[in-house]
Each structure stands twice: as C-alpha cells, then as structure tokens.
Amino acid sequence: MLGAWLSQPVFLCGWIPEKCPKTAKCAAGVFNVCQLERLMAHELNDTYPVRPPSICALLAQAIDSAGDAILIIDANDRVVWANRAFARLSGFQPHEVIGEHCATLRAQTSPADCYSALRHSQPSHMGTWQRELCSVRRDGTTYIADEIVTPLWDQGGKLTHFVAVLHDVTRSKEALQKERLLASQDMLTGLAGRARVTELLTSAIAEAQQSGRILSVLFVDLDGFKKINDSHGHSVGDAVLKAVASRLQSVIRCSDTVARFGGDEFVILLPTVASRRVARRIGMHAVDQLSQPFAVGIGRHSLSASVGLAFFPEHGRSSESLLNSADEAMYRAKRQGGSQFQVADLAAEPMHHGRFREISAVEHSADLNGSHTDERGNPGTLVGG
Ligand SMILES: Nc1nc2c(ncn2[C@@H]2O[C@H](COP(=O)(O)OP(=O)(O)OP(=O)(O)O)[C@@H](O)[C@H]2O)c(=O)[nH]1
C-alpha cells in the first residue's frame, strides 16, 4: 500500500546510491522525504557531478499518478494534499479541498469519521486503520470507499499527518445491495424472496420456542411448469407465476407469509397456526387452488402443484431442517404423481436432505426423539374451505 510505505523512512534511504557517504547514517535515522532531499543535496554535491532528481518531485509525481485516491490530512483534520485519482473519484479538484475540514467530504458528518478520532482506536498490526466510508462527490452524489489510513509521525514521536488511500467500492457495494434486495424480495411476483422467508422462519422458530404455539412450513413446487414455458414462451410462464403467487396469497391469513423460493418453488410460512389440522387444510387448499386452470393471455393453462408440510419442532428445529423436511414431503407428493399434499414423515428414508443444508446428526436425533405427530395429509383432497 502506498500509504503504508510513505511512512517507512528505510525505503527512502534505500534510494541513496552506494557512494553516499551518509548511507549508514541515513539507514539508521528517521527522515521525512524533504529532510532526506535536503540532506542529499547538501552531502552529495561533492560526490555527484550531476544533482540527483528531486525526491520530493518524484514522489509527488508518483503519488499524483497512483490509481487509488490519496489524501494527506493534518492532525487537525484539514486536507493538505489530494491526488488526481481523488479528483476523478470525488469530482473535487485538489485546490477545492486543500485547507478544508475532512468532514466536508463525508456524506454524514460524524465526529468518528474524522481522522483525528482514529487515534483513540486500535490500529491494525501494520499500524494502519482500515474502514469503509460513505463520502460525497462534488455533484452531491455519494460513493463508498475502502480507506486505509496511515499516520505520519515526526522525529519527536508526535503525530503530524494522516495518509488516506481510498479505493472506490461503490459498484461492488451496489451490486451486493441489489443481490440482497433480490434475495429478500422477488421482483417478478412481489412476494418475499428466499433470504427474507428464511429470516422470518428463523425468528418465528424463536417465538414458537417461547410461546409453544404451532409453527408450520409448506413447500410448494409446480408440476409441469416447464411445459408452459416451452409451449407458450417465458412471458406467459411469468404471468402464470404471478397468478400462482396471488392464488397462494388467497389461501393464507395476513400474519402468514408466501415467498417465492426460486424458479417454480414457493414457501408458505404459518408462524402461528391454530392447529395442525388447519395447517393441513391450508396445504390441501393450496393444491386445490393451483389445480384450477390459469387464464393468461388468450389461453387457459392447466397446472398442478406438489405440496409438503413440516411442523416445528417435530420435523426440524432450525429453518434449514424444517425447510428440508417440507421439501422432502413435497418430493414424496411429486413421486406419487403430483397434484397432492404430504406431511413430512420422519419414518421415511430421507431422500433430499441437504438441498438447503445437511441436518446435523444431533438435530436429526432430536427430531426422531421428538413428539412426532401421527397426523397425515390426505393426498389431493380438500377438507373444508
Ligand atoms: N417464466 C419463467 N420461468 C422460470 C422462471 N424461473 C424458473 N423458470 C423455469 O421454471 C422451470 C422449473 O423447472 P422444473 O422444476 O424442472 O419444471 P417442472 O416442469 O415444473 O418440473 P417438475 O417440478 O418436475 O414437475 C424451468 O424451466 C425454469 O426455466 C421465471 O422467473 N420465469
């Protein structure tokens, strides 16, 4: 890191040619670049017929040409120097920021974001601080930079400056945020996404543990959905997925959640269901709803769904194990011809554990020893409304 070596006088002394009579003294001493330059100009005049190039100028040129933005800030948080990459990143020309307080460059001005405040925090083993900061550009937009801050000390051990090397991470941060949003919300149907429902399930498990209320998860997978895409195109497939989402929402209460887990898979979370019988009824209702033809565009499209149901705690004590159990039951429904509903069955040989995460041996044994219900769903039949 450029910022790191700026504070290393040994590196600068290494520049001194072999003939330098002061090499040993230089290597042992602590000099800043301009002191070193003065020393060399003075001491080497007799040795060298041609004066060496100015180290200050060379370093200034090197730092000015660096790819990452570099700021030098004094101990009172005022900018004393900025390079060209900083101008490209922020839109501020060096003369516009020199003399300014660093807080004027920040999107939010928190005293903790100032450089002088870093003195109170522990630096890394390299003697630097690394942090991520949101700063403001000249045009008012913001950028996020990974910043490595190196302190500079004088000969008396007093902190005089900070060198901040800023690496722009705005794009990767935005991509990550977009990815998170996509995972928390499904853009096509507007339903919760996989990450969101997993989060909700985890907190519902914690609440069910406290309250002892019944919590269940339904895993819904459409049967033969690929055929709709293949025969009528993706846009019809998309419209059918949206219609599936609204039909599934019609079978739940507002305290429940329907999520699109991915592709043609949906999850229904019933965090506080009145009884196991009600949960089974909702599962069968979902099968029934999705077996009614979908009128999309000019055509009517027949579809069906396989649904698996798992209860906390008997079919799993974590979000992953519950989802695995519901998924396993859904696969059993599919293997038996689809368009039906099955309850997770711990007696059956697990076929698909691990699709979300392997159930741990402890968890599985806890499941086997738990109060397993003997209730089963009736495949394909709708009981009640
Ligand atoms: N239109 C559309 N199709 C999607 C989307 N996401 C996934 N798919 C398609 O959904 C299909 C899911 O594959 P499968 O689960 O094998 O489809 P299936 O025909 O229902 O198979 P079974 O589950 O075995 O009955 C694939 O063809 C994907 O291309 C989407 O957002 N829109």
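Read the numbers this way: they start at 1 and go in the same order the structure lists the ligands and their atoms.
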Q.
One residue to check: Asp230. Relative to ligand 1, which of side chain, backbone, both or neither has a non-hydrogen atom less than 4.0 Å away?
A.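 Asp230 to ligand 1: no contact under 4.0 Å from either part.
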Q) How does Asp238 reach ligand 1, if at all, at less than 4.0 Å between non-hydrogen atoms: by side chain, backbone, both, or neither? A)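 The part of Asp238 near ligand 1 is both the backbone and the side chain.
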Q: In plain terms, say whether Glu174 and Arg171 are close enough for a salt bridge, that is, a side-chain N and a carboxylate O under 4.0 Å apart.
A: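 No.
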Q.
What I want to find out is whether Lys226 reaches Asp230 closely enough, with some N-O distance under 4.0 Å, to be called a salt bridge.
A.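 Looking at Asp230 together with Lys226, the answer is yes, because their closest N to O distance falls below 4.0 Å.
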Q: Count the heavy atoms belonging to other residues, nucleotides or ligands that lie under 6.0 Å from CZ of Arg131, then report whether that count exceeds 12.
A: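 Counting other residues, nucleotides and ligands, CZ of Arg131 exceeds 12 neighbours.
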Q: Hey, could you give me the CD1/CG distance between Ile282 and Leu270, rounded to the nearest 0.5 Å?
A: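 So the gap between those two atoms works out to 4.5 Å.
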Q.
Nearest 0.5 Å, please: how far is CE in Met330 from CZ in Phe341?
A.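 Interatomic distance, Phe341 CZ to Met330 CE, rounded to 0.5 Å: 13.5 Å.
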(Q) Suppose we screen for side-chain hydrogen bond (donor to acceptor under 3.5 Å, both in side chains). Which residues come up paired with Asp77, at least two apart in sequence or across chains? (A)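 Asp77: side-chain hydrogen bond (donor to acceptor under 3.5 Å, both in side chains) contacts with Ser116.
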For ligand 1, which atoms sit closer than 4.0 Å to a heavy atom of [X]?
| X | answer |
| --- | --- |
| Gly263 | 6 (N), 7 (C) |
| Gly237 | 1 (N) |
| Asp264 | 12 (C), 15 (O), 17 (O), 18 (P), 20 (O) |
| Asp223 | 20 (O), 25 (O) |

Starting from [atom], locate the nearest protein heavy atom and write down its residue, its atom name and how far away it is, to 0.1 Å.
| atom | result |
| --- | --- |
| atom 27 (O) of ligand 1 | Lys226 CG, 3.3 Å |
| atom 25 (O) of ligand 1 | Gly224 N, 3.0 Å |
| atom 18 (P) of ligand 1 | Phe225 N, 3.5 Å |

Q | Sidechain-backbone polar pair: Asn324 side chain, Glu320 backbone, donor-acceptor under 3.5 Å | A |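 Pair found, side chain donor or acceptor close to backbone of Glu320.
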Q: Check the side chains of Asp221 and Ser306 for a donor-acceptor pair under 3.5 angstrom, ignoring hydrogens and angles.
A: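 Result is no, nothing qualifies.
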Q | Min heavy-atom dist Arg260 to ligand 1 below 4.0 Å | A |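 Yes; Arg260 lies near enough to ligand 1 that a heavy-atom distance drops under 4.0 Å.
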Q) Hey, is Lys334 one of the residues with a heavy atom under 4.0 angstrom from ligand 1? A)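 It does, in that a heavy atom of Lys334 comes within the 4.0 Å cut-off of ligand 1.
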Q: Report the member of Leu188, Asn229, Asp221 with the shortest heavy-atom distance to atom 4 (C) of ligand 1.
A: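 Ranked by closest heavy atom to atom 4 (C) of ligand 1, first place is Asn229.
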